[in-house]
2 protein chains.
Amino acid sequence: MPSNTKNLALTFSKVPTHTPVVGEHVTVEDKGPFDLDQPLPSGDDKGLILETLYASLDPYLRGLLRDPSVKSYMPALPLGSPITAGTLSRVLRSNLDGYVEGDVVRLPLPIQQYNLYVHKAPKKGEPEWQKPFKVPNPDDASLDIRHYLGALGMPGLTAYSSLYEIGKPKKGETIVVSSAAGAVGQLVGQLAKHEGLTVFGSVGTDDKLDFIINELGFDGGWNYKKEKSTKEVIVRLVKEHRRKKGEDVSDEPGVGTEGIDIFYDNVGGEQLDGAIETLNMFGRIVECGQISQYNLPPSDRYPITNTFLTIVKRLTMTGFMVGDANMGAKHSQAHVENVSQWLKDGSFKAKIHEDVGIEKGPEAFVGMLKGDNFGKAILKVKV
Amino acid sequence: MPSNTKNLALTFSKVPTHTPVVGEHVTVEDKGPFDLDQPLPSGDDKGLILETLYASLDPYLRGLLRDPSVKSYMPALPLGSPITAGTLSRVLRSNLDGYVEGDVVRLPLPIQQYNLYVHKAPKKGEPEWQKPFKVPNPDDASLDIRHYLGALGMPGLTAYSSLYEIGKPKKGETIVVSSAAGAVGQLVGQLAKHEGLTVFGSVGTDDKLDFIINELGFDGGWNYKKEKSTKEVIVRLVKEHRRKKGEDVSDEPGVGTEGIDIFYDNVGGEQLDGAIETLNMFGRIVECGQISQYNLPPSDRYPITNTFLTIVKRLTMTGFMVGDANMGAKHSQAHVENVSQWLKDGSFKAKIHEDVGIEKGPEAFVGMLKGDNFGKAILKVKV
C-alpha cells in the first residue's frame with residue numbers, strides 16, 4: 001500500500017550566464033510522488049529511506065549549473081534535476097547493517113525532501129562502498145549537528161587541510177583570508193590565530209567585519225564593498241598593526257617585505273591582484289575559490305596583469321580540492337577531533353546562516369552566491 | 001708611469017618606458033682613461049687588472065634600467081653607469097693568491113673593456129669573500145669557454161635547478177618550453193628529453209623552430225609570431241604527437257587531460273594564458289621569466305583571466321631565482337659535471353649568439369630583449 005507524498009526539490013531549470021535568477025534558473029519543483037513505504041532494495045543491495053533535515057549550500061555548486069558541452073572537473077547537472085549537495089538526513093527506514101530509524105547520516109544527495117539511498121553490493125573485484133557517515137550523538141546539545149555540514153564537514157576540512165598543506169603557516173607570519181566570514185574563511189582565520197599568525201580578513205558587510213574582529217579574534221579586516229584597492233587596504237592594515245606593536249613604520253618598505261606571507265583566496269579578481277602586490281618574498285597563495293569570477297562570462301573576468309611578481313617575489317600559487325591526495329583524507333581525523341573539541345570548549349566559533357524551508361531554496365542558493373549569507377550557508381529542509 | 005687607455009662601456013643613459021632604443025637609452029661611452037699599470041690594491045686587500053673577453057646579455061638586465069624610485073629585488077642601475085653583467089675576463093696583472101696573468105675568471109662586472117677587481121680582506125667577524133670562479137683549462141679546444149656564461153653558467157644553472165625543483169619532470173610527461181632557443185630554454189628542453197618527456201617549444205623564427213626540432217631533438221614546436229593562439233597550437237601538437245604514436249585521438253579530451261604537465265615560462269603574456277588552458281591535472285608552471293611583459297607599462301600588460309583554472313586543475317605556479325635556497329647552490333655541482341660532459345660528448349648542444357665589439361653593445365643588448373638573438377646572447381668585448 002503506497003504512502004505517497006510530495007517531494008519538493010531545489011531544481012536546476014535553466015542555464016544561467018551570470019548570477020542565477022530565483023524562479024528562472026533555480027526553482028522549486030515537486031519530484032514526487034515519493035512512496036515512503038516503497039520496498040527497500042533487495043538481494044545484496046541495501047538501502048535507506050531518508051528525510052532531508054539540512055542541505056549545505058556552497059560556492060562550488062555554481063559550476064554544476066552549466067551547459068553540458070562545457071567540460072569541467074565535475075559533470076554538468078542535467079537540466080531539470082535537483083541540485084545535489086551535502087545533506088544531513090534522518091533515517092526513516094533501513095535494511096542497511098548498522099543504520100536504524102532515527103539515525104542522522106551525512107550524504108551527498110539531491111536537495112529534496114525525501115531520498116532513497118541505495119548502498120550497492122560491490123561488484124566482483126571492486127572494493128566495498130564506504131558507508132554513509134553517521135553523526136555521533138545527534139541529540140547532544142553541546143554540539144549543533146549542522147556543523148557537520150560546515151566547520152566539521154567539507155568546508156571545514158577544506159580549510160584545515162589546505163591551510164597546513166599549502167599555506168604552511170609559521171608563527172609570526174601574516175595571513176589575509178578573503179570571504180573571511182564564510183564557511184571556509186572563518187575556520188582558516190581561527191586556525192591561523194591558533195598557530196600564532198597575524199590575521200586579516202575581507203568581508204562584504206560591516207556586520208561581518210565586526211564579527212571577524214570582535215568574535216573570531218582577527219587582528220583586522222575590511223569591507224571590500226567600501227574599499228576600492230585591496231593593495232592599499234592591506235598595506236594600511238599591516239602598517240597600523242606594526243605601529244600598534246611599537247615598530248617604526250616610517251621607512252618605505254622594500255620589495256616583498258612588510259606585507260603578507262599567505263593569501264587564502266576564496267574570491268579571486270581584484271582581491272587576488274591586490275594580494276599579489278602585497279605578498280612578501282616566498283609568499284604562498286592558497287587558491288581555494290574565486291567566487292567573484294564564477295558568475296561572469298570570460299569577457300567580464302578580472303584581468304590579472306601582475307603575475308610576473310611571482311618571479312620577483314618567488315611566490316607560489318596552488319589550486320586544490322579537498323578530495324585530492326595529501327589533502328582532506330590526510331587531515332580528516334585531526335580536523336574532526338580538534339575542531340569538535342574547540343567548538344565544544346568555545347575557543348572556536350562557527351557561525352551558521354540558515355534559511356528555512358525547501359520553498360526558500362532558490363533564494364538561499366542565489367543569496368549564498370552573492371555573499372548575502374552571514375556564516376556557513378545551510379538550508380533547513382525539514383521544518 | 002701611467003699607461004692610459006680608453007675604456008669603452010655599454011652605458012645606461014636614459015630610463016626607457018618600453019623597449020630601450022639604441023643610442024638613446026643604451027649607449028657606448030668612454031669611461032677611461034684606464035691605467036693598465038695602476039698600483040694593485042695594497043695591505044690586506046688584493047686585486048686583479050682584467051681585460052673583458054665576453055659579457056653575458058640576459059633578460060633580467062632590463063629590470064635594472066628603471067627609475068630608482070621603483071623598488072625591485074635588485075637596486076636600479078644609476079643613470080650614466082655601465083650595465084653590470086656576468087663576464088669572462090683575462091687576468092692582465094694580479095696580486096691575488098692563486099691568480100696569474102693569463103687566467104680567465106668569471107665575475108659580475110661593468111660591461112667595459114677593462115676593470116679593476118678588488119678582493120677585499122674580510123672585516124673582523126665576517127666570512128671571507130668567495131674568490132672569482134676560474135675557468136678550468138681555458139684553452140681546451142673541446143669546450144668553448146663562452147659556455148661558462150651560458151649552459152655552464154647562470155642561465156644553465158637556472159634551467160637545471162628549476163626544472164628539477166619546481167617542474168619535477170616524470171618520464172612520459174609532456175612539457176612546453178617557451179623561448180625554447182634561448183639560453184635557458186635550450187637546456188630545459190634537452191634536460192626534459194634526457195628525462196624521457198615529450199618536449200614542445202615556442203620560438204620566434206622558423207630557423208629557431210627548425211633548430212629545436214632537428215638539432216636539439218624537441219618533439220615539436222611553433223613560431224609564436226605565426227600562431228595567434230597558444231592554446232590551439234598546444235592542443236594540436238599534443239594531438240598530432242599522440243596520433244603519431246598510434247593512439248586514438250578522436251574523442252573530445254576531458255578537463256585537464258591530453259594536454260601538458262609542465263609549462264616552463266620564459267615569456268609570460270598570451271603564452272602563459274594558453275598554457276594554463278592546456279595544462280593537465282596537477283600541472284606545474286615554472287615561472288622563470290616574462291620577457292614579453294618587461295618592456296610594457298602596466299596598462300599594456302597582457303590580462304590573465306583564467307587563474308581560476310588553478311583550482312579546477314590543481315595547478316601550481318612557482319616563481320624563483322637561481323640564487324634562492326634549494327635552487328642553484330643545491331644543484332651547481334651536478335649541473336656543471338653533467339652538462340660539461342654532455343656538451344663534450346655531443347649529446348647536448350648549446351647554441352651561442354655572439355655580437356662582436358663593445359661598439360655593438362647597444363644593438364646586441366636591445367636585440368636580446370627583442371629576441372633577435374639565436375641562442376645564448378653574448379657580447380664579445382675583446383676583438
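Model, not experiment: these values are computed from the prediction.
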Practice item. Counting only heavy atoms closer than 4.5 Å, note whether A:L272 contacts chain B via side chain, backbone, both or neither. Key: side chain
Revision key, fill the gap. Turns out that what part of A:Y60 lies under 4.5 Å from chain B's heavy atoms comes down to neither
Point to revise | Any side-chain donor near an acceptor of the partner, B:T307 and A:Q290, under 3.5 Å | key: yes
Exercise for review: Identify the two heavy atoms, one from A:R314 and one from B:F320, that lie closest to each other, and give their separation to 0.1 Å.
Suggested key: CG-CA, 3.7 Å
Practice item. Mind listing the closest non-hydrogen atom pair of B:Y302 and A:T305 along with its distance? Key: O-CG2, 3.9 Å
**Study point:** Among the listed options A:C288, A:G63, A:G269, the residue most often paired with chain B at heavy-atom distances under 4.5 Å
**Key:** A:C288
Exercise for review: Kindly check if the number of other-residue, nucleotide or ligand heavy atoms within 6.0 Å of NZ (A:K370) is above 12?
Suggested key: no
Review point. When you look at CD of A:E232, are more than 12 heavy atoms from neighbouring residues, nucleotides or ligands closer to it than 6.0 Å?
Key: no
Point to revise | Winner by heavy-atom pair count (cut-off under 4.5 Å) against chain A, out of B:T318, B:V312, B:T316, B:I311 | key: B:I311
Exercise for review: Calculate, to the nearest 0.5 Å, the distance between atoms CD1 and CG belonging to A:I304 and B:D273 respectively.
Suggested key: 12.0 Å
**Study point:** Contact leader toward chain A among B:K313, B:M321, B:M281, B:R284, where contacts are heavy-atom pairs under 4.5 Å
**Key:** B:M321
**Study point:** Region of B:Q293 that comes under 4.5 Å of a non-hydrogen atom in chain A
**Key:** neither
Review point. Are more than 12 heavy atoms from other residues, nucleotides or ligands located less than 6.0 Å from atom NZ of A:K170?
Key: yes
Review point. Checking side-chain contact (heavy atoms from CB on, under 4.5 Å) for the pair B:F308/A:E287: CA distance, chi angles, key distance, verdict?
Key: CA-CA 8 Å; B:F308 69 96; A:E287 264 308 314; over 6 Å; no
